[in-house]
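Worksheet: one structure, shown below.
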Amino acid sequence: VQAKLRESVSVKDFGAVGDGVTDDTAAIQAAVNYCFTAGKNLTSPVEKIYLISSPVTIPQHFNTDYRKIKVDFCGAKFKLASDISLFVSESWGSSLATIPSNGIDFGGFTITHSLGSVTTNSALLIQDWYQNCILHNITAADIGTVLHSKNNFYCYFDNIFTQIGVTATKTGARFVFSESHNLNKLSRLQAGTAVTGYRFDGPVTAMQMTGISFEGQTKGVVFNSSVYDAVIENSYIEGVSDVVVTTATSVYGLTVRNNYVNFQNNAATYLIEYTPGPANNIHITDDNDFQDMPSIANIIKNREDVYGQE
């Protein structure tokens, strides 16, 4: 390894085999640790399958000049040996923001397994990522929750695709966001078949969801805490059997614009439902494309205590 110190290193330099049979957990962990310590980028040979038997820790990364660490697995597959998480932030489960990160660029891989059922553990546990962090270009097959994001600010989550093939039964939430999420952008996420596509269990401030797929879910996105200025735009909405956007407490700014929304003539499908608190400044713009909508009443399920509705 010492002979190959350079701007970028490969997981191969640390002994990763990538044949789908050899346990590559220790090699992947060693490669990730080295890059975060030395400030180097990490890559992988293409078309590799890495067998993983225990979670790999993503170290926290903070520097005052915002130098970025890029980890690109170049389309490699990570095969889970059992129902485990794949990548876990070093700070996961600790007090919030005790070791914040910035400048992490992480992705370029597929998560798979051959367990014969949908997994129950979250595949990616990401906590305390702050400015200039991106998680992107990830595909997950038969993973119950692909991402559990906790207390992340100024982050970009992009091009994360999930697909459930082993069963047609809707299960769980594909994307979960807990604690605070401020000034984040979510782009090109696909939740696939689920009870809930995207669930926010903590307050959301100044968030943009763009190019999102809401397909095959009972509920599209559920906000279980306060919403302060969220935008859902340029997204594809079809096959949601209950409510596309559900808010469970106060809303202080929500805009739904320029989306394709196909109600499929289902009288039980609604665009927005808020319970139980007042909703302030909900904007549903006229550039949304509503198809096969049974009635204008299907836009908002309940209208009590709505202020600034448009």
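A quick note: this is a predicted structure, and the numbers were derived from the prediction, not measured.
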**Asked** Are Asp287 and Arg257 close enough for a salt bridge, meaning some N to O gap below 4.0 Å?
**Response** no
**Message:** Parallel, tilted or perpendicular, judged at 30° and 60°: which one describes the rings of His61 and Phe36?
**Reply:** perpendicular
**Item:** Val88/Ile58 under side-chain contact (heavy atoms from CB on, under 4.5 Å): CA gap, chis, key distance, verdict
**Value:** CA-CA 6 Å; Val88 181; Ile58 303 175; over 6 Å; no
**Asked** Do Gln208 and Thr210 meet the criterion of a side-chain donor-acceptor pair at a distance under 3.5 Å?
**Response** no
**Message:** Less than 3.5 Å apart, any donor N or O on the side chain of Asp83 or His113 sitting next to an acceptor on the other?
**Reply:** no
**Message:** Check the orientation of Tyr130 and Phe153. Use parallel for under 30°, tilted for 30 to 60°, and perpendicular for over 60°.
**Reply:** parallel
**Item:** Side chains of Thr22 and Asp19, donor plus acceptor under 3.5 Å
**Value:** yes
**Request:** Give the minimum heavy-atom separation between Thr145 and Ala173, together with the two atoms involved.
**Result:** OG1-O, 2.7 Å
**Request:** Determine the minimum heavy-atom distance between Gln127 and Gly93, stating which atoms define it.
**Result:** OE1-N, 3.1 Å
**Asked** So Tyr270 and Phe263, ring pair (Phe, Tyr, Trp, His ring centres under 6.0 Å) or not? Walk me through it.
**Response** CA-CA 8 Å; Tyr270 292 86; Phe263 291 82; 8.3 Å; no
**Asked** Minimum heavy-atom separation for Ser226 to Thr249, with atom names?
**Response** N-CG2, 3.2 Å
**Message:** Assess, by modelled atom type and distance only, whether the side chains of Asn151 and Ser180 contain a donor and an acceptor separated by less than 3.5 Å.
**Reply:** no
**Asked** Do Ser101 and Gln60 have side-chain atoms, one donor and one acceptor, less than 3.5 Å apart?
**Response** yes
**Item:** Pair Thr205-His181, side-chain donor/acceptor within less than 3.5 Å
**Value:** no
**Item:** Thr25 versus Ser53, side-chain donor and acceptor atoms under 3.5 Å
**Value:** yes
**Item:** Shared hydrophobic cluster, Val222 / Ile232 (ILVMFWY, side-chain heavy atoms < 4.5 Å)
**Value:** no
**Residue pair Leu186 / Ile212: nearest heavy atoms and the distance that separates them** = O-CD1, 3.6 Å
**Message:** Could you go through Phe106 and Phe87, starting from their C-alpha distance and side-chain angles, then the distance that decides it, and tell me whether this counts as ring pair (Phe, Tyr, Trp, His ring centres under 6.0 Å)?
**Reply:** CA-CA 10 Å; Phe106 201 95; Phe87 289 111; 4.9 Å; yes
**Request:** Tell me yes or no: between the side chains of Asn137 and Asn159, is some donor less than 3.5 Å from an acceptor?
**Result:** yes
**Message:** Taking OH in Tyr236 as the centre, count heavy atoms belonging to other residues, nucleotides or ligands within less than 6.0 Å. Is the count above 12?
**Reply:** yes
